[in-house]
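Nothing here was measured: the structure is a model prediction, and the numbers come from that model.
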Amino acid sequence: MVRNKKPHTLGGTPHRPTGTLDEFVCTPSTLSCSRPPDNMAPGSPGSESAGEPTLDGTQDDTLALIKQELAMISAQMLTKADTGGLLRELRAAIKEEVAALRKDLSSVEVRVEALETEAQASRAQHQAAELATTRQGNMLLSLRRQVEDLENRSRRQNIRIRGLPEPDTAPLQDTLQALFRQILGEECPAVIKLDRAHRSLGPQRPDGRPRDVLCCLHDYSLKERLMTAARGMADIPFRGASVALYQDLSGLTLDARRALRPLTTTLREKGIAYRWGFPFSLQIRQGNAWIQGPEDVPRALRALRLPPIRIRNWLLETPLAQLHEVAEEERPPSPPRRRERAQRMLGGPRGVEE
């Protein structure tokens with residue numbers, strides 16, 4: 001029989017018992033193992049039975065249970081045929097998924113190609129539209145310059161007189177004849193032929209300043225003589241008022257000159273000579289600078305070695321109200337019905353503010 005050994009302790013810690021393998025594999029309840037005593041002789045009775053383990057019925061049941069469990073485990077393990085079937089199913093599923101992905105990718109590729117074709121067509125159309133818009137813009141600017149030049153040429157014989165007292169105590173033409181004789185002196189002809197003369201259209205100003213007088217001289221050379229003589233006079237006193245003569249210009253030209261006023265002021269301060277040209281241009285002798293549009297201003301400033309000056313774009317920022325005022329100011333008197341229709345087209349009646 002197996003002797004029950006109590007675990008030895010070493011330093012307060014239980015010591016694992018040691019012995020033969022049978023003592024650990026065979027328990028007293030399942031297997032009884034014994035060995036002959038040390039003092040038993042080899043040839044004594046019972047020595048052979050004592051050297052072999054004795055099995056009982058409980059061990060047989062345990063072995064049978066172990067065999068049954070091993071059989072169940074081996075039956076549940078995959079065989080080579082099962083592995084091959086699983087691989088075939090996996091390959092078939094992967095092929096099916098890849099085929100679906102390829103189909104989707106081919107449809108996406110077709111749509112992408114269609115989108116790229118449409119994008120190229122849209123890009124070409126956009127470039128064509130941009131080119132056409134640029135050409136139309138250049139044509140409109142050219143037409144604007146031509147119309148502006150034609151309007152200025154139609155006014156080349158006009159003189160705008162500012163400061164003439166109002167109301168008129170005498171016929172306007174007689175007043176202008178006396179003013180021109182005073183300016184020209186002895187060089188004035190006996191009769192100055194005026195095609196027309198009138199005050200600027202619109203109501204009188206609330207501040208009491210007189211409206212400008214526009215007159216058209218029949219003789220262009222006489223008009224140039226008057227303007228030349230007036231430029232040499234710092235002040236023209238006439239009937240208790242100070243009168244000034246100006247060239248009659250279109251509203252577009254006046255707006256461009258107003259936009260270039262910061263530049264012309266700087267040129268005058270630095271003593272740089274310039275002159276206005278027709279069609280509209282600003283010609284500067286120093287540096288051979290020539291300004292026809294807002295895009296020419298930076299190049300002219302570099303040629304003149306001047307600091308940057310802010311100039312608004314008069315081609316794009318021409319006040320519409322100013323164009324309305326100029327159009328209404330220069331329009332000859334019309335019948336009431338036509339005048340009301342024209343005012344509706346221009347956005348309502350407007351007064352002219354000089």
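- Under a 3.5 Å cut-off, the side chain of Asp248 and the backbone N or O of Gln157 do not form any donor-acceptor pair.
- Contact annotation: the side chain of Leu254 never approaches that of Trp314 to less than 4.5 Å [non-hydrogen atoms, C-beta and beyond].
- Taking a 6.0 Å sphere around CD of Glu113, one finds it holds more than 12 heavy atoms contributed by other residues, nucleotides or ligands.
- In this structure, the side chain of Ser250 does not engage the main chain of Asn152 through any donor-acceptor pair within 3.5 Å.
- In terms of modelled atom types and a separation under 3.5 Å, the side chain of Gln292 and the main chain of Ser281 share no donor-acceptor contact.
- A heavy-atom distance below 4.5 Å is not found between the side chains of Cys215 and His198.
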**Prompt:** Checking side chain to side chain contact (heavy atoms under 4.5 Å, CB included) for the pair Glu89/Leu86: CA distance, chi angles, key distance, verdict?
**Reply:** CA-CA 5 Å; Glu89 292 178 1; Leu86 290 175; 4.2 Å; yes
Dump the intermediate steps for side chain to side chain contact (heavy atoms under 4.5 Å, CB included) on Ile161 and Tyr246, then the final yes or no.
CA-CA 6 Å; Ile161 305 168; Tyr246 298 98; over 6 Å; no
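- The line from OG1 of Thr266 to CG of Leu304 is 10.5 Å long, rounded to the nearest 0.5 Å.
- Atom CZ of residue Arg231 and atom CG of residue Leu226 lie 11.0 Å apart, to the nearest 0.5 angstrom.
- One hydrophobic cluster, built from ILVMFWY side chains closer than 4.5 Å, cannot hold both Val147 and Phe280; they sit in different ones.
- You'll find the side chain of Trp276 reaches within 4.5 Å of the side chain of Arg257, heavy atoms only.
- In this structure, Arg156 CZ and Phe278 CZ are separated by 10.0 Å, a value rounded to the nearest 0.5 Å.
- Proximity of a side-chain donor or acceptor of Gln286 to a complementary backbone N or O of Ala273 within less than 3.5 Å is not detected.
- Here the closest non-hydrogen pair linking Pro262 and Arg258 is CD-O, 4.1 Å.
- Between Leu263 and Leu282, some side-chain heavy-atom pair lies under the 4.5 Å cut-off.
- Atom CG of Leu141 and atom CZ of Arg145 lie 9.0 Å apart (nearest 0.5 Å).
- Within the 4.5 Å cutoff, the side chain of Leu217 has no heavy atoms near those of the Asp195 side chain.
- Panel note: side chain Gln204, backbone Pro210; no donor-acceptor pair is recorded below 3.5 Å.
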Going through the checks in order, is the side chain to side chain contact (heavy atoms under 4.5 Å, CB included) test met by Lys223 and Gln247? CA-CA 10 Å; Lys223 177 253 182 183; Gln247 175 71 39; 2.5 Å; yes
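- Smallest separation of non-hydrogen atoms from Arg199 and Leu164: NH1-O, 3.2 Å.
- Summarising the geometry of Gly287 relative to Ala303, their closest heavy-atom pair is O-CB, 4.0 Å, with the distance given to 0.1 Å.
- Put simply, the side chain of Thr264 gets close to the backbone of Arg261: a donor and an acceptor are under 3.5 Å apart.
- Inter-residue side-chain proximity for Ile236 and Ser242 is flagged as unmet; no heavy-atom pair is nearer than 4.5 Å.
- Hydrophobic clustering keeps Leu267 apart from Trp290 (ILVMFWY residues linked when any side-chain heavy atoms are closer than 4.5 Å, directly or through intermediates).
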Is there a side chain to side chain contact (heavy atoms under 4.5 Å, CB included) between Leu115 and Glu118 once you walk through the steps?
CA-CA 5 Å; Leu115 290 174; Glu118 293 179 0; 4.2 Å; yes
N/O donor to acceptor pairs below 3.5 angstrom from side-chain atoms of residues 172-192, sequence neighbours left out:
unit_1: Thr175; atom_1: OG1; unit_2: Pro171; atom_2: O; d: 3.2
unit_1: Gln177; atom_1: OE1; unit_2: Ile192; atom_2: N; d: 3.4
unit_1: Gln177; atom_1: NE2; unit_2: Ile192; atom_2: O; d: 2.4
unit_1: Arg181; atom_1: NH2; unit_2: Ala190; atom_2: O; d: 2.9
unit_1: Gln182; atom_1: NE2; unit_2: Pro237; atom_2: O; d: 2.6

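- The shortest distance between side-chain heavy atoms of Gln146 and Asp149 does not fall below 4.5 Å.
- Of the inter-residue distances, the one linking Asn158 atom CG with Cys216 atom SG reads 5.0 Å to the nearest 0.5 angstrom.
- Contact check on Arg312 versus Asp255 returns a salt bridge, with a Lys/Arg side-chain nitrogen under 4.0 Å from an Asp/Glu carboxylate oxygen.
- When atom types are taken as modelled, the side chain of Asp296 and the backbone of Gly293 share a donor-acceptor pair closer than 3.5 angstrom.
- Nearest heavy atom pair, residue Leu301 against residue Ile309, reads CD1-N, 3.6 Å.
- With Ser154 contributing its side chain and Glu151 its backbone, the two residues share a donor-acceptor pair below 3.5 Å.
- Side-chain contact check for Arg144 versus Leu252: some heavy-atom pair is nearer than 4.5 Å.
- No continuous path of hydrophobic side-chain contacts links Val213 to Leu201 [ILVMFWY only; heavy atoms under 4.5 Å].
- Between the Thr253 side chain and the Leu249 main chain, no donor and acceptor come within less than 3.5 Å of each other.
- For the atom pair Leu222 CG and Met227 CE, the distance stands at 12.0 Å (nearest 0.5 Å).
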